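To keep things clear, I will list the structure first and then write my remarks on it.
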Amino acid sequence: MEYVNIIFQEVYKILFLLVPVLVSVAMIVWLDRRVWAFVQKRQGPNVVGPFGLLQSLADALKYIFKEIIIPASSNKIIFIIAPIITMTLALIAWAVIPFGVNQVLADINVGILYIFAVSSLGVYGIIMGGWASNSKYPFLGAIRSAAQMVSYEVSIGIIIINVLLCVGSLNLNDIVIAQKDMWFVIPLFPMFIIFFISALAETNRPPFDLPEAEAELVAGYQTEYSGMMYAMFWLGEYANILLMCALGSILFLGGWLSPIDLYPFDLIPGAIWLIFKILLLFILFALVKAIVPRYRYDQLMRLGWKIFLPLSLTYVVLTASYLFYFNLLPTI
Amino acid sequence: MIAHAIFFYVFSIIAVISAIMVTVSKNTVHSVFFLILDFISISCLFIMIGAEFLGMIMLIVYVGAVAVLFLFVVMMLNVAQQKNQWFVSEANSGHIPVGLLISAIIFCELIIVIGGWKYKPDLFETGNLITNEISNTHSLGQVLYTDYIHIFQISGMILLIAMIGAIVLTFRKREGVKTQSYLKQISRERSEGVEVLEVASNKGVKIDD
């Protein structure tokens, strides 16, 4: 009986986190399209519901009722597993995101490594989908995205090391608390810029959306998908984008800390601040999509390996030397 | 404790079955996927015995990077053709005795290694992922860069040599490859690129390219 109680409690907690995440993923798709439209002097989705807010819901409903077509020559099991993996991995990473001092599902020691591991597993959903489709465009898209995600993970990892040097802990709550006096965006501003661009590449957002470049590859790895399976890829992708925004705000923008530690601002709960920062970063993501042209593939690889990797490595050396020289290294 | 045991057995059964499936499955890509499943369940086992840093690093390095490259190579191979060459035709089965010999040697070596292993008596008591005073990552960091710095550096050098070797083996200089120099493109000015010519009627101009 005791076990059943514990399981019910945990399921309740998980649902309390996952349902808002899924709803906000749907809302964020609307926001993305809306920002994109405003930059181009269009209206965007504004018909379904107030301000078009229910547009994503209508889209989801349409996807659910569409027929799922599985190509005859595809590898059926892997073809079906691929979107499930993408979506699951995008959601399980939210377990360690802190929304307040103790408001976190799993307060583990290696939180940042966990997020990094889960986001590095994300490439499998895409590779499996591309390979199992047994078709040229999806396969090319999958190969491209695998190379792209592995390349940019390296620079993201080194940027995370920069932050960890200043914190001295892998726990995400400790990282947030370490920014109480100064957000890391100020001393590590170049790293924040590189993190933002790498996050764009990691989540296959424009200008790095080579895996699904519609002019060259139709829709990349998701060409053969339809109905609910396509929608799962799509949800997973946006959940990943939200996760990257959350990671950026935790690493650099002080997570759930309020920007000013004064009376009226203290009353607002930390979760609101975190959501506000995630939205801010996401609007930046959406703006970049609207204003920057797509990179060529060799330019993308050059940017990752020849510019970002040396820059972030140099910054690690600089940060470490600075902290060591001024005796600021965090103690355990 | 019961829940711990259940999780342990679930992960180990998955690990063993997927390890067997790596060798048994006919499709090479499937065996790489089973290998990945094996890595994941092994890292779950690491996390369960309290080695959370090792488990996560295993996920990041092996599953996130090494297995992706594996998959990359295996997907490019023409698997069906190779299967015919290696296993179906009897003319080309000379490698099987050699393979058996090598696997027998490796098996003996593994038995020697495992026989000399000393297990901690309370292996499962220490499993604790929740924040405590000194974490596994801290204690690893304290010894890795001080007591074991030479071993650490040497293993890094071995990896570097392997990387250089792989690059040297596959690198070939190709003739006539056109490359772009970003510096040149950016520093180009109008006077270098544009020229105004007087074109005589019916004669045209010659442009040297």
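What you see is a predicted model; the values in this text were computed from it and never measured. Residue numbers start from 1 in every chain, and the chains themselves are labelled A, B, ... in the order their sequence lines are given, proteins ahead of strands.
- Heavy atoms closer than 4.5 Å to chain B are found in both the backbone and the side chain of A:Gln299.
- Side-chain contact of A:Thr319 with A:Asn162: a donor-acceptor pair under 3.5 Å is present, judged by distance alone.
- Counting heavy-atom pairs closer than 4.5 Å to chain A, the top-ranked of the candidates B:Ala67, B:Ala65, B:Gly55, B:Ser43 is B:Ala67.
- Between A:Phe208 and A:Tyr295, the ring planes lie tilted relative to each other; the angle falls in the 30° to 60° range.
- Contacts of A:Ile127 with chain B are made by both backbone and side-chain atoms, with heavy-atom separations under 4.5 Å.
- At least one donor-acceptor pair closer than 3.5 Å links the side chain of A:Lys76 to the backbone N or O of A:Ala72.
- For A:Leu113, the parts sitting under 4.5 Å from any heavy atom of chain B are the backbone and the side chain alike.
- The side-chain heavy atoms of A:Ile115 and A:Ile97, taken from C-beta on, include a pair separated by under 4.5 Å.
- Using bins of under 30°, 30° to 60° and over 60° for the plane-to-plane angle, the ring pair A:Phe308/A:Tyr152 lands in the perpendicular bin.
- Contacts between A:Asn75 and chain B at a heavy-atom distance below 4.5 Å involve the side chain alone, from C-beta outward.
- Heavy atoms closer than 4.5 Å to chain B are found in the side chain of A:Ile78, but not in its backbone.
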request  = Report the C-alpha separation of A:Trp305 and A:Val154 in whole Å, then their side-chain angles, then the decisive distance to 0.1 Å, and conclude whether the side-chain contact (heavy atoms from CB on, under 4.5 Å) test is met.
outcome  = CA-CA 9 Å; A:Trp305 288 106; A:Val154 180; 3.8 Å; yes

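- Contacts between B:Leu69 and chain A at a heavy-atom distance below 4.5 Å are absent for every atom of the residue.
- For chain B, the option among A:Asp298, A:Val118, A:Val123, A:Leu170 with the highest count of heavy-atom pairs below 4.5 Å is A:Leu170.
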